[in-house]
Amino acid sequence: MIRIQGLHKTFGKLVVLHHVDLTVEEGQVVAIIGPSGSGKSTLLRCLNFLETPQAGSIALGDYELNMSKATKRDILFLRRNTAMVFQQFHLLKYKTALENVMEGLVTVQGMKTQQAHDIASSYLDRVGLQDRKDYYPRELSGGQQQRVGIARALALQPKVILLDEPTSALDPEMVGEVLAVIRAAAREGRTMIIVSHEMGFVQEIADKVIFFDQGSIVEEGSPKEIFRAAKHERTKQFLSRVSRPADYVI
């Protein structure tokens with residue numbers, strides 16, 4: 001389980017996260033939706049210290065840390081137990097697909113090279129890229145690069161996988177292959193927090209949906225509650241612009 005309390009982040013005078021509280025149970029898929037610039041991606045980046053909050057705490061299992069007073073040990077713990085899938089892939093361009101997946105296993109987890117090789121190879125196979133393991137990022141399509149990124153995250157066996165708009169940089173025809181990999185990971189019981197504008201996919205995969213606006217959680221509930229019976233007027237306004245009634249069949 002991950003429990004976030006009072007998470008607060010500013011950039012200068014701009015408040016990006018306003019004392020956010022959120023609990024994600026083990027094995028739960030939580031989707032965060034909301035307008036661009038509302039702080040969704042910043043929230044994910046704070047959860048593995050790509051951004052440093054000014055206040056708040058995070059408990060991951062029995063380990064709890066004060067974000068504003070986090071030590072190097074705290075940061076390392078969070079990074080070893082969370083894995084990020086980025087919008088823009090962030091693969092190491094001079095390493096093959098296999099080496100990209102191996103990198104975190106060796107450098108973060110201290111795994112021996114042969115063991116990391118075997119694990120990385122098995123995860124590339126799971127995302128349908130065994131035949132591309134020796135290709136460099138420039139030789140892969142956007143969808144293939146993102147699948148390498150997901151394999152890299154899965155291979156680390158983190159407690160929580162953070163996915164920041166994993167399909168936003170893809171051509172429409174490549175979106176399906178990436179969503180299929182995420183769908184399979186969800187079926188395995190992986191704990192995931194997903195920021196996404198793919199409303200149909202969110203409705204299908206999420207156990208809980210968070211509507212985020214202006215750095216705060218406006219409303220949360222099951223996909224049915226949010227997409228069919230939202231209570232907050234701001235949520236209704238947002239969904240009226242991005243959703244179609246046919247997106248979700250109950």
Side-chain angles (χ1 to χ4, degrees), residues 24 27-36 40-41 44 83-91 93 96-98 100-101 120-158 160-212 222-224 226-228 238-250:
V24 181
Q28 193 173 44
V29 178
V30 173
I32 303 176
I33 63 173
S36 297
K40 306 183 301 298
S41 295
L44 291 194
M84 190 93 167
V85 177
F86 299 92
Q87 297 180 37
Q88 300 294 337
F89 320 138
H90 288 291
L91 300 181
K93 62 182 179 180
T96 64
L98 182 67
N100 266 279
V101 180
S121 183
S122 71
Y123 276 96
L124 284 173
D125 187 38
R126 288 174 65 175
V127 300
L129 290 175
Q130 183 61 232
D131 63 338
R132 295 290 189 273
K133 67 179 181 180
D134 295 322
Y135 284 49
Y136 290 90
R138 65 180 180 275
E139 300 172 313
L140 300 172
S141 70
Q144 290 169 338
Q145 290 185 60
Q146 191 60 292
R147 280 189 281 158
V148 173
I150 295 171
R152 177 176 59 186
L154 293 172
L156 293 168
Q157 291 287 323
V160 183
I161 300 176
L162 311 170
L163 299 104
D164 184 16
E165 294 284 5
T167 60
S168 67
L170 301 179
D171 293 335
E173 63 184 8
M174 296 177 182
V175 169
E177 65 189 49
V178 172
L179 295 183
V181 171
I182 298 171
R183 190 180 293 112
R187 286 198 295 265
E188 294 174 1
R190 302 274 190 161
T191 306
M192 295 191 285
I193 305 176
I194 303 174
V195 169
S196 180
H197 287 299
E198 297 283 343
M199 293 299 129
F201 183 69
V202 164
Q203 294 167 70
E204 172 195 345
I205 198 173
D207 300 301
K208 180 163 69 174
V209 178
I210 306 292
F211 175 63
F212 211 75
S222 68
K224 180 179 179 179
I226 296 299
F227 285 89
R228 286 300 181 93
F238 174 78
L239 292 174
S240 71
R241 295 174 178 172
V242 300
S243 297
R244 300 182 305 275
D247 278 346
Y248 191 41
V249 178
I250 300 167

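FYI, the numbering just counts along the sequence from 1. Since we're looking at a predicted model, the values are computed, not measured.
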| task | Go through L239 and I226 one step at a time and tell me if the side chain to side chain contact (heavy atoms under 4.5 Å, CB included) criterion holds. | result | CA-CA 9 Å; L239 292 174; I226 296 299; 4.1 Å; yes
| task | Please step through side chain to side chain contact (heavy atoms under 4.5 Å, CB included) for the pair V242 and H197, ending with a clear verdict. | result | CA-CA 8 Å; V242 300; H197 287 299; 6.0 Å; no
| task | Applying side chain to side chain contact (heavy atoms under 4.5 Å, CB included), run through F238 and I33 and close with a yes or a no. | result | CA-CA 9 Å; F238 174 78; I33 63 173; 4.2 Å; yes
| task | With side chain to side chain contact (heavy atoms under 4.5 Å, CB included) as the test, would you mind laying out the steps for I161 and I182 before giving the verdict? | result | CA-CA 10 Å; I161 300 176; I182 298 171; over 6 Å; no
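Between the side chain of K40 and the backbone N or O of I194, no donor-acceptor pair lies under 3.5 Å. E204 places no side-chain N or O within donor-acceptor distance of the main-chain N or O of G200, the cut-off being under 3.5 Å. Panel note: side chain D207, backbone V29; a donor-acceptor pair is recorded below 3.5 Å. Under the 3.5 Å distance criterion, the side-chain polar atoms of Q203 are left unmatched by any main-chain donor or acceptor of K224.
Comment: R132 does not engage E139 in a salt bridge, judged by the lack of any side-chain N to carboxylate O separation of less than 4.0 angstrom.
For the atom pair L140 CG and F89 CZ, the distance stands at 10.0 Å (nearest 0.5 Å). From E165, atom CD reaches atom OG of S196 across 5.5 Å, with rounding to the nearest 0.5 Å. To the nearest 0.5 angstrom, Q145 atom CD is 12.0 Å from K93 atom NZ. For the atom pair NE2 (H90) and CZ (R152), the distance works out to 8.5 Å, reported to the nearest 0.5 Å. Taking CD of Q146 as the start and CG of L91 as the end, the distance is 8.0 Å to the nearest 0.5 Å. Within the model, atoms CZ of F86 and CD1 of I150 stand 13.0 Å from one another, a figure rounded to the nearest 0.5 Å.
Smallest separation of non-hydrogen atoms from N100 and P137: ND2-CG, 4.2 Å. For the residue pair V85 and A153, the shortest heavy atom distance occurs at CG2-CB, 3.8 Å. Closest approach of L129 to Q144, counting heavy atoms only: CD1-O, 3.4 Å. When all heavy atoms of A151 and V127 are compared, the closest pair comes out as CB-CG2, 4.0 Å. Of all heavy-atom pairs spanning P35 and F212, the tightest one is CD-O, 3.4 Å. P223 and A206 get closest at one heavy-atom pair: CG-O, 3.2 Å.
Among V195, D164, T167, L170, the one residue that satisfies the side chain to side chain contact (heavy atoms under 4.5 Å, CB included) test with Q87 is D164.
With contacts defined as side-chain heavy-atom distances shorter than 4.5 Å, the pair R190/L154 qualifies. In this structure, L98 and S121 have side chains that are in contact, with non-hydrogen atoms separated by less than 4.5 Å. F227 is not listed as a side-chain neighbour of S222, based on a closest heavy-atom distance of 4.5 Å or more.
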